[in-house]
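Below is one structure, written out as structure tokens; comments come after it.
Model, not experiment: these values are computed from the prediction. Side chains are part of it too, since the values below use all heavy atoms of this structure and drop only hydrogens, waters and symmetry mates.
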Number of protein chains: 2
Amino acid sequence: MDDLTEMLKGTLEGCVLQIIGSEEIYGYAITRRLNELGFVDVVEGTVYTILLRLEKNGLVQVTKRPSGQGPPRKFYRLNDAGRKELKAFWAKWEYISIRIDKLREGGE
Amino acid sequence: MDDLTEMLKGTLEGCVLQIIGSEEIYGYAITRRLNELGFVDVVEGTVYTILLRLEKNGLVQVTKRPSGQGPPRKFYRLNDAGRKELKAFWAKWEYISIRIDKLREGGE
DNA sequence: ACTGGTACACGGTATCACCGAGTAGTGGAA
DNA sequence: TTCCACTACTCGGTGATACCGTGTACCAGT
């Protein structure tokens, strides 16, 4: 699949929120997880910028823990604001995806 | 529905391509059409920047015709490159939307 | 003459994903 | 023991995109 970056704008952050929402996890592992899920070209730098933004916007709670496999890890967990944001993300996603799918039916 | 602009990045252009692909149409009417489809906050300025970009990228054929209702209209029609681009857009959309829906199932 | 609807153009802005380079810790191979 | 690979995070800068605001212009009705 060729370049998806433009289409991921606005959605990748939501995907990261969703991943954090389902388990306490750290940045490097989030990147691996996204790659497994089919977002193969998403790289660490991108994920870290999102994580720093989430932290700055007060959507996550961060805990630093030693690793054993390398440098210490920053574990992320959603707080109330984060869960609210995640909910809003899915509402937006549903709103848009329904309308786009409908547009497609109307004469491809 | 609150602000959708970030999530529309990368997809709105595809929507415009789809609309042009299904009928020969001009900018002002495309904006109305998008509004009807539920993209209520999309305004003329946005659509025109997309149309100018499509033209610049050689994806559309443009015909100017007098209106009777106001200034002359620029009618757009997809050429071969445009149809190819539209096809690529839907392939990307399918790729991403399937994966995002799957991510959502895995523990909301 | 004035207002409102139609129709397009354009410079500037914010946001986002991405890139590249850097810093650092651990463990295995040479 | 030295080097490399993997793990793990940071940060300044880039390019693409939708949006905003303003301007131009044509036409119809009042």
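- Across all strands shown, A:E13 has heavy atoms under 4.0 Å from sugar-phosphate atoms exclusively, and none from any base.
- If you measure from atom CD of B:E6 to atom C1' of D:dC19, you get 10 Å, rounded to the nearest angstrom.
- Comparing A:G14 and A:G70 by the nucleotide of DNA chain C whose heavy atom lies nearest to each, the residue mapping closer to the 5' end is A:G14.
- Residues A:F89 and A:Q18 form no side-chain contact, since every pair of their non-hydrogen atoms from C-beta on lies 4.5 Å or further apart.
- Taking atom CD1 of residue B:I96 and atom P of nucleotide C:dA17, one finds them 11 Å apart after rounding to whole Å.
- The interatomic distance linking A:L4 (CG) with D:dA16 (C1') rounds to 15 Å, in whole Å.
- B:R53 has no side-chain polar atom (N or O) that falls below the 4.0 Å cut-off from OP1 or OP2 of D:dA16.
- In this entry the distance linking NZ of B:K56 with P of C:dA9 reads 14 Å, nearest Å.
- When distances are taken from the side chain of B:Y26 to each of D:dC19, C:dC18, C:dA7, the shortest belongs to C:dA7.
- Here D:dA8 is the nucleotide among D:dC11, D:dA8, D:dC19 with the atom lying nearest to any side-chain atom of A:Y28.
- At D:dT10, one or more side-chain N or O atoms of A:K74 fall inside 4.0 Å of OP1 or OP2 (strictly under the cut-off).
- Comparing D:dC9, D:dA18, C:dA17 by their nearest atom to the side chain of A:T5 picks out C:dA17.
- Side-chain atoms of B:T46 never come within 3.5 Å of backbone atoms of B:V42 as a donor-acceptor pair (strictly under, hydrogens ignored).
- Shown here is B:R83, whose CZ atom has more than 12 heavy atoms of other residues, nucleotides or ligands within 6.0 Å.
- The side chain of B:P71 approaches D:dA25 more closely than any other nucleotide in the set D:dC19, D:dT7, D:dA25.
- What you find for A:T11 and B:I100 is that their closest heavy atoms are CB-CD1, 4.0 Å.
- With C:dA7, D:dG12, D:dC9 as the choices, the nucleotide that has an atom nearest any side-chain atom of A:T49 turns out to be D:dG12.
- The side chain of B:Y48 approaches C:dC8 more closely than any other nucleotide in the set C:dT15, D:dT7, C:dC8.
- Tested against A:V60, the residues A:V16, A:L78, A:L51 include a single side-chain contact (heavy atoms from CB on, under 4.5 Å) partner, A:L78.
- Looking at which nucleotide of DNA chain C each of B:R32 and A:G10 is closest to, the 5′-most match is held by B:R32.
- Nearest to the side chain of B:L52, among D:dT10, C:dA17, C:dC10, sits C:dC10.
- In this structure, B:I30 places its CD1 atom 12 Å from P of C:dA9, rounding to the nearest Å.
- Rounding to whole angstrom units, CG of residue A:L54 and P of D:dT10 are separated by 13 Å.
- Nucleic acid contact for B:I50: sugar-phosphate only, since backbone atoms but no base atoms lie under 4.0 Å from a heavy atom of the residue.
- With hydrogens and angles disregarded, no donor-acceptor distance shorter than 3.5 Å links the side chain of B:N57 to the backbone of B:L59.
- Between the CG atom of A:L12 and the C1' atom of C:dT15 there is a distance of 14 Å, rounded to whole Å.
- Side-chain nitrogen and oxygen atoms of B:R73 include none within less than 4.0 Å of the OP1 or OP2 phosphate oxygen of C:dT6.
- Residue-to-nucleotide contacts include a donor-acceptor pair under 3.5 Å from the side chain of A:K9 to the base of D:dA16.
- Closest-nucleotide positions on DNA chain D for A:Q69 and A:T46 were compared, and the one nearer the 5' end corresponds to A:Q69.
- Residue A:E44 contributes atom CD, which lies 12 Å from atom P of C:dC19 at whole-angstrom precision.
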